[in-house]
Amino acid sequence: MIYFSTMNEICKRIESIGVLPVVKITSAGDSENLAASLLAGDLPAVEITFRTDAAAESIARIRKKFPDMLIGAGTVLTPDQVDLAVDAGAEFIVAPGFNPRIAQYCTKLKIPYIPGVNSPSQIELAMEHGLDVFKFFPAEAMGGIKMLKSLAGPYPELKFIPTGGISPDNLLGYLSLPSVLACGGSWISPSAMISEGRFDDIAKIASRTVSDVLGFNLSGVILGATDSDEAEPVLDFFASTFLLNKGETAKTFTAGTMIEIEKEKNKYPAGLIITVHSIPRVKAFLDRKKIGYTESEDSEIILNEQKGGFGIKLRQE
Ligand code: 3PG
């Protein structure tokens with residue numbers, strides 16, 4: 001495998017965000033506003049495509065203004081474009097197809113290369129160059145989720161970033177596949193919106209997308225009790241009144257998924273249970289927002305600060 005650490009680090013960052021806005025920008029003057037709108041929507045990643053002459057300058061401007069943003073260069077078709085992208089500050093190179101010349105050049109420069117593939121033959125050719133993370137392009141047109149599931153059979157170790165035809169309607173379906181690192185696409189920041197200066201709209205789409213990816217859902221309440229004797233009648237009440245199944249974990253009694261009752265006195269009088277699609281992505285999100293938390297042995301996240309008298313617990317759905 002080539003330049004393991006950079007490739008791994010970049011892929012981990014892409015995976016921790018879960019979506020990669022693919023951008024075609026015609027005027028570099030719009031680039032900072034575009035990046036600011038994605039960041040306002042809590043989306044710190046962008047792929048600027050070399051489909052316009054404004055690509056390199058846009059990357060450079062965003063890199064300068066938002067040094068921590070994850071910036072990739074897309075639609076990179078020649079070694080010259082690789083040079084332009086790297087000089088401008090791109091951290092990884094994306095292309096619609098696999099090109100051995102670009103693969104070799106990226107290896108030489110130690111810049112991660114994520115080429116588009118959509119067939120076993122292309123994949124195997126690219127694997128010969130040490131690659132194991134691919135853009136799956138054009139995802140919907142080439143069989144979508146069904147195709148990715150089929151590819152996971154012979155190539156279980158490979159990871160994909162499906163792009164092409166991804167929308168809010170199919171995003172979560174793709175992200176639920178273990179082989180999918182993240183999804184890419186233009187729906188978050190369509191070029192028309194950029195040129196019309198609709199940056200608030202882009203921020204809203206970005207924020208809604210991040211919310212879809214994380215999937216916060218208030219799913220239950222934790223009630224405090226000093227001991228099991230106090231907890232049991234509360235359990236009986238909720239189970240019989242709201243027709244919920246009784247259950248038990250090491251530390252709580254449960255009534256359905258809605259109510260948990262602590263068996264021993266806890267720090268907070270009550271708590272909220274919020275389920276999420278992906279604990280690793282939520283952890284990355286909380287880190288970015290500088291919200292403190294601790295992680296329990298069973299991978300639940302407990303926010304350090306209570307709110308309104310409630311402790312807040314985040315749990316894998
Ligand atoms: C790309 O090159 O990655 C695609 O144009 C993005 O596809 P989409 O416009 O269908 O999202």
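Whatever order the structure lists them in is the order used to number ligands and atoms, beginning at 1.
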Heavy-atom contacts with [X] under 4.0 Å: which atoms of ligand 1 show up? List them by number with element.
| X | value |
| --- | --- |
| Phe137 | 1 (C), 2 (O), 4 (C) |
| Gly165 | 8 (P), 10 (O) |
| Thr163 | 1 (C), 3 (O), 6 (C) |
| Gly185 | 11 (O) |
| Lys135 | 1 (C), 2 (O), 3 (O) |

Is [X] close enough to touch ligand 1? Criterion: a residue heavy atom under 4.0 Å from a ligand atom.
| X | answer |
| --- | --- |
| Pro96 | no |
| Gly184 | no |
| Arg51 | yes |
| Glu140 | no |

Measure across Asp30 and Ser195 and return the closest heavy-atom pair with its distance rounded to 0.1 Å.
->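 In terms of heavy atoms, the two residues are closest at OD2-CA, 4.1 Å.
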Of all heavy-atom pairs between Gly89 and Ile59, which one has the smallest distance, and what is that distance?
->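 Nearest heavy atoms, Gly89 then Ile59: C-CG2, 4.0 Å.
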What do you reckon, are the aromatic ring centroids of His129 and Tyr113 less than 6.0 Å apart?
->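 His129 vs Tyr113: aromatic centres not under 6.0 Å.
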Roughly how far, to the nearest 0.5 Å, is the [atom2] atom of [Y] from the [atom1] atom of [X]?
| X | Y | atom1 | atom2 | answer |
| --- | --- | --- | --- | --- |
| Glu91 | Met69 | CD | CE | 10.5 Å |
| Leu314 | Gln316 | CG | CD | 11.0 Å |
| Ser189 | Ile194 | OG | CD1 | 5.0 Å |

Relative to each other, are the rings of Phe160 and Phe136 parallel, tilted or perpendicular (30° and 60° limits)?
->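 Geometry flag for Phe136 against Phe160: perpendicular rings.
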Which residue holds the protein heavy atom closest to atom 7 (O) of ligand 1, what is that atom called, and what is the gap in Å?
->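 Result for atom 7 (O) of ligand 1: Gly164 CA, 3.4 Å.
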Which residue and heavy atom of the protein sit nearest atom 8 (P) of ligand 1, plus the separation |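 Of every protein heavy atom, Ser186 OG, 3.5 Å lies nearest to atom 8 (P) of ligand 1.
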Is there at least one pair of N or O atoms, one from Thr75 and one from ligand 1, spaced under 3.5 Å apart?
->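 Among all N and O atoms of Thr75, none is under 3.5 Å from an N or O of ligand 1.
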Is the closest side-chain donor-acceptor distance between Tyr174 and Glu140 under 3.5 Å?
->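 Yes, a side-chain donor-acceptor pair sits under 3.5 Å.
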